[in-house]
Structure formats: structure tokens, C-alpha cells
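Note sheet for the following structure.
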2 protein chains.
Amino acid sequence: MGISERKEREREEMKTMITTAAMKMFLEDGYAKTSIRNIADAIEYSPGTIYLYYKDKDELLFEVQAQAYLKLLAAFKQNVTSTDLLERLEQLGKTYVSFGLANPELYDLMFIIRAPTNVDKEVHGDNGHDTLTYTISLIEECIQAGLLIFKDVNQAALQIWSMAHGLVSLNLRCRLKVMIPEEASVPEILHKAIEEYLLSIRA
Amino acid sequence: MGISERKEREREEMKTMITTAAMKMFLEDGYAKTSIRNIADAIEYSPGTIYLYYKDKDELLFEVQAQAYLKLLAAFKQNVTSTDLLERLEQLGKTYVSFGLANPELYDLMFIIRAPTNVDKEVHGDNGHDTLTYTISLIEECIQAGLLIFKDVNQAALQIWSMAHGLVSLNLRCRLKVMIPEEASVPEILHKAIEEYLLSIRA
DNA sequence: AAATGTACTGAACACTGTTCAGTAATTCCA
DNA sequence: TGGAATTACTGAACAGTGTTCAGTACATTT
């Protein structure tokens, strides 16, 4: 009775087919501008079919978010190579900023768009948990080694993430054009900001 | 020939009637959930009429943004009262955070939503210019008095604003629940973060 | 009083997310 | 193997969106 197994497999294939198309289109045109009908067209199915696999556009977003967090984690693991803890933290920060600038639409749907509300956190995992853990662990190591001015890990993570997110998101929303000279390279300036900030929180 | 003057006056009244209704509804339900038809209903006109006064929903957003920036500036002027420069900076930061937490939908439309793209910056003024100038002036004073570690005003403003915006926006988007204990008071924690940050950038 | 100009309407267009009766194919069971 | 049951999929329909525009009614000018 391998039929139900095959069906289950086919169902999963269909789901990944949908999310793959969605991911591609979200990346290119953004979440808001990608419609269910567009996705359906892309995979050559009718719009109704998508709702047999995902109950909402929100659930689709949630799925793509999960992939995006993995992508970010992969970028962390690839770029955070130093053995020096503070250097690692700097590599992490710069990777975060670069990721945001290189994948604006992805960053948007991960951190700027309103989080999906209709999704059971019971059914689906907590999105981005591993990526967050990776980051917090590094910060904790730095604190325990007495390298940072912070005492509390949560306060430290809160501040460091806020700074990084602030830099990226204000830039993506063109809210800090005024503060950045016309001719300047944005990535360079943001990386410099990260460097300076990390210097200022050294113990 | 006072007729054209009266007409011009009536036109302005109509425009403020529209933006006032829009502001109210944006504040209550947010920009996205407020439709042109809803606004038209509220002021008892047909949807088409609104387009005789504003060419877009974007232009309406732009107008409301301008008011919102003035509201923030007013909050600054009310709360930034100290004579000590660094204290003033702290009051500014805390006012910013409080403003964001108290007016989430307004903060959203000011800094998180995609900026209106179809609006001539030639015709309409540069939104929030005064508010930004107010902020940058204070930072510049601090730097010139040698109170901060920064040399460049733009870099300083970039970082300070990014931190504040990061704190507020991550919180509004429920992205930092993980880092904030369940029972904790969010405003308190964010204010503490501002305090700590300002300490870390003191010369 | 007639002609011109202005302000406003509301139906229509093209889109959106979502639902659901109906159809076609597949699997199950006798 | 043939008929019943299950499953997968469709596409029209619903209620909503921003936006446009022919048509109307009123105000102003001549």
C-alpha cells in the first residue's frame, strides 16, 4: 500500500512547487505585488488549487519567511569565519547589512512587513528560531568573555539587532537619503556605522 | 471679485476636510485598511470627489505624513526641556520611542510604509524636513561641545536614528518578543536601551 | 436668459484574496 | 473488471480595492 506514501510525496512536491514559485516572485516583485493568480499562472494551475495547499496568502508568506531565515543563517555561517569573538560579531553585523541590501524584497518580507497573524505557531515552527539562536549565542559568548559593555544578553541582542535593522530598513525605505551624501556608497557607509557601533560597545 | 478667493478658500477647506478624515482613519485602522471609499463615506462625498483634490492615495499619505512629522516635532519641543545637551538628547530619544509606541499606525505610515513615489518633491515640500533639522541640530551641538564620540554629524545622526527606529519598528512588528520577557514593560525596556546606548556613545 | 464653467456623482474597469459548486480523474471494494 | 467513493482540480462568483470618466446639476459670466 505505497499509494498513500506516494500521494503524500506528491502533495509535498506540489507544496514546494508553490513556495518555490512564490519565493521567486516575492524576490522579484515583492510580496504585495505578487498575487495568488500570478503564482497560479506561473505554476500553470488555477488560483483555487493554491488554497488546497495553503490556507492563506499569509501562510505562504510564513513558509517563504522560513526559507529566507535559513538563507540568512547560511550567509552567517559562510561569512562568520574568524576565531576572534569580536571579529565574528563584526562579520555577523556586516553580513546582516549586506544581506538586507542585496535582497531588499526578501528583507522586507522577513522584518518589515506585518508578520502573518493567522498562522498557528503550534502547527508551524517558530520562524527564524535557529537564526536568532545563532546570533544570540555569539553575543552571549562575547559577554561571557567580558568583551562587551553589556551585562544582560537580551538587552545586548535587542540593541545590536535594533541598530542593524534600523540601518537597513531606514535605507530600504529611503528615509535616510538626507544623511547620506549623494556620491557615497551606501553599503560602505552602513558597514562603517556597524564598525563604529561595535567599537562603542566594547568593554 | 472675491469669488475666486472664496472658491480657493472652499477648496482648501475641502482639502483639509479630506485629510482630517484620512488622518483620523489612518490613525485608527492604519493606512492599508483605510479605503478611498471609506474616507468618501466619512465625509459624505462620492469616491470620485477625492480625486478632484488629491491625485492618488499616495498623495493623501504624503499630506498626512507632513502633519505627522509636525506632531512629532511638537512632541520634541514639548519634552526636550533640559539645559544640559546630553540630557536633551536623551529626552529626544525617549520622546521618539514613546511617540512610536503611543501612535503605532502613525509611526507606521511615517517610517515603515513604502514612501510615496508618485509625489513631486518640487510641488510639495520635503516631508519632515523641520523635524529632521531639529534633531540634527541637537546632535551637532553635542558634537561641537565634544560630548559624543562622533566626529561626523551625518554618521552620528545615522546611527542614533537607526537605533531608535530599530527599537520601535522591531517592536511594532512583534519581531523582538523573543528578547523581551513576557512580564516586562516594553516602553521601560526600550527607554533603558536608549539610555544605555547614549551612555555608550559619550565621549 | 442663454452660454459657459465648475463641482460632483456613480457606474465602470481592472485588479485583489478567497470560496465553493461542479467536473474529471483516480483509487477502492465487491 | 465494473461501479461506488474518494480525491484533485477548476473557474466562476463574491466582496473588496484604487482609479477613471461620461454625464449631470448647479454657479458664474456674458
Side-chain angles (χ1 to χ4, degrees), chain A residues 1-19 21-22 25-26 28-65 105 109 113-119, chain B residues 1-19 21-22 25-26 28-65 105 109 113-119:
Chain A
M1 189 68 61
I3 288 180
S4 65
E5 279 86 348
R6 195 206 65 213
K7 289 240 164 146
E8 182 54 34
R9 204 171 55 237
E10 282 176 347
R11 196 180 158 76
E12 287 309 312
E13 277 168 20
M14 190 67 169
K15 288 192 84 168
T16 62
M17 187 181 186
I18 294 171
T19 43
M25 300 174 78
F26 287 173
E28 282 168 10
D29 310 320
Y31 176 73
K33 285 188 180 172
T34 303
S35 72
I36 299 288
R37 279 174 184 80
N38 294 155
I39 299 172
D41 277 1
I43 61 171
E44 296 176 295
Y45 279 83
S46 95
T49 302
I50 291 182
Y51 287 87
L52 300 173
Y53 297 88
Y54 295 97
K55 82 171 209 291
D56 278 319
K57 205 186 170 188
D58 255 22
E59 199 170 279
L60 215 43
L61 173 59
F62 193 81
E63 200 72 28
V64 172
Q65 270 186 352
E105 292 294 352
L109 107 212
I113 280 183
R114 267 174 226 274
T117 49
N118 297 326
V119 184
Chain B
M1 189 68 64
I3 289 180
S4 66
E5 279 86 347
R6 195 205 66 215
K7 290 240 165 147
E8 181 53 34
R9 204 171 55 237
E10 282 175 350
R11 195 180 159 78
E12 286 311 312
E13 277 168 19
M14 189 69 169
K15 288 191 85 170
T16 61
M17 187 179 186
I18 294 171
T19 41
M25 300 174 78
F26 288 172
E28 282 168 11
D29 312 319
Y31 176 73
K33 285 188 179 170
T34 303
S35 72
I36 298 289
R37 280 174 184 78
N38 294 156
I39 299 173
D41 277 1
I43 60 171
E44 297 177 293
Y45 279 83
S46 94
T49 302
I50 291 181
Y51 287 87
L52 300 173
Y53 296 88
Y54 294 97
K55 79 171 211 289
D56 266 328
K57 205 187 170 189
D58 255 22
E59 201 172 276
L60 217 42
L61 172 60
F62 193 81
E63 201 70 29
V64 172
Q65 270 186 353
E105 292 294 353
L109 110 210
I113 280 182
R114 267 176 224 274
T117 49
N118 295 326
V119 185

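Just so we're on the same page: letters track the sequence lines, and every chain starts at 1.
Computed from coordinates, the Ile50(A) CD1 to dG11(D) C1' distance equals 14 Å when rounded to whole Å. To the nearest angstrom, P of dG10(C) lies 17 Å from CD1 of Ile36(B). We find that CG of Asp58(B) is positioned 17 Å from P of dT17(D), with the value rounded to whole Å. Rounded to whole angstrom, the span from the CG atom of Asp29(B) across to the P atom of dG16(D) amounts to 15 Å. In this structure, Glu10(A) atom CD and dT27(C) atom P are separated by 8 Å, rounded to whole Å. With rounding to whole Å, Tyr54(B) atom OH is found 16 Å from dG18(D) atom P. If you measure from atom CD1 of Ile39(B) to atom C1' of dT17(D), you get 12 Å, rounded to the nearest angstrom. In this entry the distance linking CG of Leu60(A) with P of dT16(C) reads 15 Å, nearest Å.
Side-chain nitrogen and oxygen atoms of Arg6(B) include at least one within less than 4.0 Å of the OP1 or OP2 phosphate oxygen of dT28(D). Checking the phosphate oxygens (OP1, OP2) of dC9(D), no side-chain nitrogen or oxygen of Ser46(A) falls inside 4.0 Å. Contact annotation: Tyr53(B) reaches the phosphate of dC8(C) (side-chain N/O to OP1 or OP2, under 4.0 Å). Contact annotation: Asn38(A) side-chain N/O to dT16(C) OP1/OP2 distance is under 4.0 Å.
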Review point. Should Glu105(A) and Arg114(B) be marked as a salt bridge (Lys or Arg N to Asp or Glu O under 4.0 Å) after you check the CA-CA gap, both sets of side-chain angles, and the distance that decides it?
Key: CA-CA 12 Å; Glu105(A) 292 294 352; Arg114(B) 267 176 224 274; 3.2 Å; yes
Practice item. Please report the C-alpha distance between Phe62(B) and Asp56(B) in whole Å, then the side-chain angles of each, then the deciding distance to 0.1 Å, and finally whether the side chain to side chain contact (heavy atoms under 4.5 Å, CB included) criterion is met. Key: CA-CA 10 Å; Phe62(B) 193 81; Asp56(B) 266 328; over 6 Å; no
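No more than 12 heavy atoms of other residues, nucleotides or ligands shown are found within 6.0 angstrom of CD on Glu44(A).
The listed nucleotides are dT19(D), dG17(C), dC9(D); the one nearest the side chain of Tyr51(A) is dG17(C). Residue Lys7(B) has its side chain nearest to dT28(D) when only dT9(C), dT28(D), dG17(C) are considered. Ranking dG18(D), dT9(C), dT19(D) by closeness to the Asp56(B) side chain, first place goes to dT19(D).
With rounding to the nearest 0.5 Å, the separation of OH in Tyr51(A) from NZ in Lys57(A) is 8.5 Å. Put simply, OH on Tyr31(B) and CG on Leu109(B) are 8.5 Å apart, with the number rounded to the nearest 0.5 Å.
At a cut-off of 3.5 angstrom, the base of dT7(D) holds no donor-acceptor pair with the side chain of Arg11(A). The base of dG16(D) has none of its N or O atoms less than 3.5 Å from a complementary donor or acceptor on the side chain of Arg37(B).
With DNA chain C read from its 5' end, the first of the two nearest nucleotides for Thr49(A) and Lys33(A) is the one closest to Lys33(A).
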